[in-house]
Amino acid sequence: DKLNLSCRQRKQGKGTWPFPVDRYMLRPARRAVPVCQGGTMRIFTQEIIVAPQHIDIQNRVSNLCYVQWMQDLAINHSTVQGWGVERYDAEGHGWVVRQHTITYKRPALAGDVITAATWVAELASRQSLRRYLFWRAADRSVLAEAATVWIYIDMATGRPSRLPASLQSAFEVVEDDKEVLQFLQG
């Protein structure tokens, strides 16, 4: 089943684009509804259950899994906001990564239940800064903080393109990262 691929299988080229979200891996968070305002979901969350396939040789979640989760979260948040892969494809535009950064605070281990949050921290005419926070509620720990600089491109030319007003209005910028941690802490 294509939807049950682990990060390792994706690394080995067995995944499909744009992404199959692992059914056992990502699911809506069980807690309160993510922060919404004016019809936009400002902070998007999903629960991740760390499976044995996510564990590397050091007995913690592989770095590659975090990057995959970041991509999945961004796509899922965009889809919820009405900008799914099909819409981008129909418009002939999409996002590419310019830069990922991840700061690991504590290891995630097999069996951990993680709440992953993402939000748009900056939105410019041709790019977006999206932040992520990986939170383990069991011990109230931040496991990792991450960011991605996404560039909006014309898929035919591969060149940066201006974001249409309808795309800009679909995402509200969350400027204060502390708001996200307060949300996760309940």
For this session: Locate the shortest heavy-atom distance separating Gln168 from Ser125; write the atom from each residue and the value.
Result: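 For Gln168 versus Ser125, the nearest heavy atoms are NE2-CA, 4.3 Å.
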Problem set entry | For the student: nearest non-hydrogen atoms of Ala121 and Val173, plus distance |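 Shortest heavy-atom contact: O-CG1, 3.0 Å.
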Exercise. Strictly under 6.0 Å, is that where the ring centroids of Tyr66 and His100 end up?
Worked result: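 Distance test on ring centres: not under 6.0 Å, no.
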Exercise. Near Arg126 CZ, under 6.0 Å, is it more than 12 heavy atoms from other residues, nucleotides or ligands?
Worked result: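 Yes, because the 6.0 Å sphere around CZ of Arg126 holds more than 12 heavy atoms from other groups.
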Problem set entry | Residue of the set Leu163, Ile153, Asp154 for which side-chain contact (heavy atoms from CB on, under 4.5 Å) holds with His93 |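 For His93, the side-chain contact (heavy atoms from CB on, under 4.5 Å) check succeeds only for Asp154.
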Exercise. Can you tell me how far the OG1 atom of Thr148 sits from the CZ atom of Arg131, to the nearest 0.5 Å?
Worked result: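 One gets 10.0 Å once the value is rounded to the nearest 0.5 Å.
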Exercise. For the atom pair SG (Cys65) and CG (Asp72), what is the distance rounded to the nearest 0.5 Å?
Worked result: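 Result: 10.0 Å between the selected atoms.
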When you measure from the side chain of [X] to the backbone of [Y], do you find a donor-acceptor pair of N or O atoms at a distance under 3.5 Å?
X      : Y      : answer
Asp89  : Val85  : no
Thr79  : Ile75  : yes
Arg136 : Pro107 : yes
Asp176 : Lys178 : yes
Ser78  : Trp83  : yes
Gln81  : Met41  : yes

Exercise. Which word best sums up how the rings of Trp69 and His54 line up, parallel for under 30°, tilted for 30 to 60°, or perpendicular for over 60°?
Worked result: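 Correct class here is perpendicular.
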For this session: Establish whether Leu73 and Ile151 are linked, either directly or via other cluster members, by ILVMFWY side-chain heavy-atom contacts under 4.5 Å.
Result: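 As far as the 4.5 Å side-chain criterion goes, Ile151 and Leu73 are not connected within one cluster.
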Exercise. Is Phe171 reachable from Val80 through a run of I, L, V, M, F, W or Y residues, each pair having side-chain heavy atoms under 4.5 Å apart?
Worked result: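 Per the 4.5 Å side-chain linkage, Val80 and Phe171 are co-clustered.
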Exercise. For His77 and Thr118, does a side-chain donor sit closer than 3.5 Å to a side-chain acceptor?
Worked result: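 Note: His77 and Thr118 side chains miss the donor-acceptor criterion.
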Exercise. Thinking salt bridges, do Lys105 and Glu145 make one under a 4.0 Å N-O criterion?
Worked result: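 Result for this pair is yes, salt bridge flagged.
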